[in-house]
Amino acid sequence: MSMAIATTRNAELVEIRAKVLAGERLDLDDGIALLECDDLLGLGDLADTARRLRGGSDDVFFVNNLYLNHTTVCRVKCKFCAFARTSKQADAETWEIDDLVAKAVKIRSHQEFSEIHMVGGESPHLDFQYYLDITQSLREAMPDVHLKLFTASEIHHMTKLSGLTHREVLEQLIAVGLDTLPGGGAEVFSPRVRKIIAPGKEPGQTWLETHRTAHGLGLKTHCTMLYAHVETFEERIEHLLALRDLQDETGGFMAFIPLPFHPENTVFERRGWKFTTGMDDLKMIAVSRLMLDNIEHVKAYWIMISTPLAQVALHFGANDIQGTVVEEKIAHAAGAVTPTEAKVADLVRVIREAGRRPVQRDTFYRTLRTFDAP
Ligand code: V47
């Protein structure tokens with residue numbers, strides 16, 4: 001009995017499996033067929049096979065990191081977002097630079113994080129100098145910590161604040177300490193989808209162009225897709241193909257993170273939108289791995305899919321579970337029921353018990369610490 005017959009009952013999956021085993025690139029139709037396929041275990045096995053064929057091992061990565069949000073004030077009003085506030089709302093929060101840096105330094109006194117991941121709203125009350133000053137202050141206070149700051153949407157916002165180009169904004173931020181960009185703000189690139197869920201946001205092309213510019217300046221970045229709201233399967237795959245094309249051109253993406261839509265406290269909750277199920281999330285991880293044949297790392301973001309499902313996702317093409325996080329607010333504002341932080345020992349246990357080898361990494365996926373295999 002051939003391998004393909006042993007692992008799948010689905011005729012289309014057999015054909016796509018043959019392409020994967022031959023090292024052929026999958027196309028739009030393949031991607032849609034994979035999302036439509038109901039042979040979940042066959043799909044997971046294929047994604048895991050693809051990961052290994054491209055050099056993946058049993059190593060599963062995590063980072064000891066700290067999330068910060070400098071402001072919740074945002075002018076954009078994306079309909080999927082439960083985190084944003086107007087400045088008049090009582091619980092709106094904008095940090096004074098010294099206070100936020102002092103908070104990070106205090107946390108560092110008892111947690112050796114290697115990375116700060118900081119994103120925020122697009123506040124009309126902050127100027128570009130604030131962004132430069134906060135970056136420089138974090139850099140000076142913690143010279144050995146990697147600064148992964150600001151989504152491409154925030155970089156675009158800074159061009160509006162400053163009158164500078166995307167390139168100039170990035171150059172100035174790099175000069176004061178920016179190390180990489182996180183992948184947020186991508187949502188789904190389709191103009192149809194953006195018009196419905198984020199009419200005030202810049203076009204998907206601007207997100208891509210900002211990352212292209214960053215890569216051109218030698219900055220590595222991350223990429224995401226917010227899925228399971230109004231987008232079609234075709235629009236999901238087109239999004240992945242746009243990322244794949246840019247990666248062919250620049251090689252600047254280190255990891256892809258699929259983000260399942262959390263509807264609580266958003267307008268979509270009132271319209272009856274539901275949280276994704278494990279089936280949706282596992283399929284999306286597997287299809288991301290299969291389509292993104294040139295992005296080395298796919299994250300099973302435990303904050304949004306839970307640690308039990310992240311363990312399964314490690315057998316569906318994912319090889320990273322993100323990090324310790326400490327203070328996650330975006331997903332939790334929208335109904336995430338996971339804890340907001342994990343200890344290194346928790347992540348090691350989660351990875352080990354999934355039968356994989358935990359590797360604590362830095363942001364560039366260099367090994368900082370290994371742990372015995374299970
Ligand atoms: O940009 C907002 C998304 C992103 C909701 O770069 C929502 O390594 C689900 O980008 N339901 C922020 N998602 C998170 C993010 C991220 C996470 C982990 C790792 C990395 C990385 C990046 O979360 C936003 C937006 O796309 N988001 N609201 C919501 N209700």
Side-chain angles (χ1 to χ4, degrees), residues 61-63 65-69 72 74 76-85 115-122 146-157 179-189 193-194 197-198 201-202 204 207 210-211 214 219-231 239 243 252-269 273-276 280-281 284 295 297-305 310 318 320-338 340 342 361-365:
F61 297 95
F62 69 93
V63 62
N65 63 354
L66 171 70
Y67 277 26
L68 296 176
N69 303 112
T72 59
C74 191
V76 191
K77 311 210 176 348
C78 297
K79 294 201 175 107
F80 57 80
C81 182
F83 167 82
R85 298 284 180 274
E115 167 191 290
I116 289 180
H117 169 136
M118 182 173 81
V119 296
E122 297 182 22
H146 180 106
L147 299 182
K148 177 187 176 194
L149 315 178
F150 314 130
T151 65
S153 303
E154 292 174 273
I155 300 295
H156 182 64
H157 177 59
D179 289 313
T180 53
L181 293 185
E187 324 315 354
V188 172
F189 296 137
V193 171
R194 277 178 122 74
I197 64 163
K201 201 160 200 151
E202 69 287 347
W207 188 98
T210 305
H211 280 260
L219 213 60
K220 293 282 183 190
T221 72
H222 304 77
C223 53
T224 59
M225 176 172 67
L226 174 70
Y227 67 93
H229 39 88
V230 305
E231 83 290 0
H239 181 100
L243 293 174
F253 290 125
M254 290 191 289
F256 174 72
I257 311 101
L259 304 171
F261 175 52
H262 286 44
E264 210 170 289
N265 303 319
T266 74
V267 293
F268 294 116
E269 181 186 26
W273 261 243
K274 300 277 183 251
F275 285 84
T276 52
D280 299 326
D281 298 333
M284 202 55 243
I295 299 184
H297 306 289
V298 173
K299 293 188 192 181
Y301 186 31
W302 70 266
I303 285 274
M304 288 198 186
I305 67 170
D320 186 317
I321 60 168
Q322 178 68 349
T324 48
V325 174
V326 183
E327 274 205 319
E328 203 291 325
K329 293 191 176 154
I330 297 176
H332 286 83
V337 292
T338 50
T340 61
R361 62 169 174 87
D362 70 5
T363 312
F364 294 119
Y365 285 85

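Ligands are counted one by one from 1 in listed order, and the atoms in each one are counted from 1 as well.
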**Q** Ignoring angles and geometry beyond distance, decide whether P182 reaches within less than 3.5 Å of ligand 1 through its nitrogen or oxygen atoms.
**A** no

**Q** Suppose I only count heavy atoms of G183 and a 4.0 Å limit; which atoms of ligand 1 are within that range?
**A**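 Answer, ordered by atom number: 6 (O), 21 (C).
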
**Q** Is any side-chain heavy atom of N69 closer than 4.5 Å to one of V119?
**A**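 Yes. Closest side-chain heavy atoms under 4.5 Å.
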
**Q** Verify side chain to side chain contact (heavy atoms under 4.5 Å, CB included) between Q322 and N65, making sure each step is shown before the conclusion.
**A** CA-CA 9 Å; Q322 178 68 349; N65 63 354; 3.6 Å; yes

**Q** How are the rings of H297 and Y365 set to each other: parallel, tilted or perpendicular (split at 30° and 60°)?
**A**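 H297 vs Y365 ring planes: parallel.
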
**Q** Indicate yes or no: does an N/O atom of I330 lie under 3.5 Å from an N/O atom of ligand 1?
**A** no

**Q** What residue and atom, counting heavy atoms only, is the protein's closest point to atom 26 (O) of ligand 1, and at what distance?
**A**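 Here the closest protein heavy atom is E187 OE1, 2.5 Å.
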
**Q** Please examine the side chains of W207 and C223, heavy atoms only from C-beta on, and report whether any two atoms are closer than 4.5 Å.
**A** yes

**Q** Counting only N and O atoms by type, is there a donor-acceptor contact under 3.5 Å from the side chain of T224 to the main-chain atoms of G183?
**A** yes

**Q** Would you say ligand 1 has an N or O under 3.5 Å from any N or O of T266?
**A** no

**Q** Taking the side chain as every heavy atom from C-beta outward, state whether T338 and M304 have any atom pair closer than 4.5 Å.
**A** no

**Q** For the residue pair F150 and M118, establish whether any side-chain heavy-atom pair is separated by less than 4.5 Å.
**A**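 Heavy-atom side-chain distance check passes, below 4.5 Å.
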
**Q** For F275 and H262, take the angle between the two ring planes, folded into 0 to 90°, and tell me which bin it lands in: parallel under 30, tilted 30 to 60, perpendicular over 60.
**A**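 It falls in the perpendicular class, over 60°.
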
**Q** At less than 4.0 angstrom from any non-hydrogen atom of H117, what atoms of ligand 1 do you find?
**A**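 In order of numbering, the contacting atoms are 19 (C), 20 (C), 21 (C), 22 (C).
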
**Q** Which ligand 1 atoms, with their elements, are less than 4.0 angstrom from a heavy-atom of H222?
**A** 6 (O), 8 (O)

**Q** Students should be able to answer this: which protein heavy-atom is nearest to atom 29 (C) of ligand 1, and at what distance?
**A**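 Looking at atom 29 (C) of ligand 1, the protein heavy atom closest to it is F80 O, 3.6 Å.
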
**Q** Would you please indicate yes or no on a ring centroid separation below 6.0 angstrom for F268 and H229?
**A**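 Between F268 and H229, which both carry aromatic rings, the centre distance is not below 6.0 Å.
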
**Q** So is Y67 polar-close to ligand 1, meaning N/O to N/O under 3.5 Å?
**A** no

**Q** Hey, are the side chains of R361 and D320 touching, using non-hydrogen atoms and a 4.5 Å cut-off?
**A** yes

**Q** So, 4.0 Å and heavy atoms of C78: is ligand 1 close enough to count as a contact?
**A**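 No heavy atom of C78 comes that close to ligand 1.
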
**Q** Indicate yes or no: does an N/O atom of H262 lie under 3.5 Å from an N/O atom of ligand 1?
**A**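 Yes, at least one N or O pair falls under 3.5 Å.
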
**Q** Report yes if K148 has an N/O atom closer than 3.5 Å to an N/O atom of ligand 1; otherwise report no.
**A**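 For ligand 1, there is an N or O atom that lies under 3.5 Å from one belonging to K148.
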
**Q** Decide whether the shortest distance between a heavy atom of G185 and an atom of ligand 1 is less than 4.0 Å.
**A** yes

**Q** Please determine whether any non-hydrogen atom of M304 lies less than 4.0 Å from an atom of ligand 1.
**A** yes

**Q** Quickly, which of K220, K148, H146 forms a side-chain hydrogen bond (donor to acceptor under 3.5 Å, both in side chains) with T180? Name it, please.
**A** H146

**Q** Could you check whether any heavy atom of I257 sits closer than 4.0 Å to an atom of ligand 1, since that is the contact criterion I want to use?
**A** yes

**Q** Which residue owns the protein heavy atom closest to atom 4 (C) of ligand 1, what's the atom, and how far is it?
**A**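 Of the protein heavy atoms, L259 CD1, 3.7 Å lies nearest.
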
**Q** Of all the atoms in ligand 1, which lie at a distance below 4.0 Å from a heavy atom belonging to G184?
**A** 1 (O), 10 (O)

**Q** I need the atoms of ligand 1 closer than 4.0 Å to a non-hydrogen atom of L226, numbered in the order shown.
**A**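 Near L226, the atoms of ligand 1 are 7 (C), 9 (C), 13 (N).
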
**Q** Between ligand 1 and W302, can you find any atom pair, the residue atom being a heavy atom, that is separated by under 4.0 Å?
**A**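 Flag not set, W302 not near ligand 1.
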
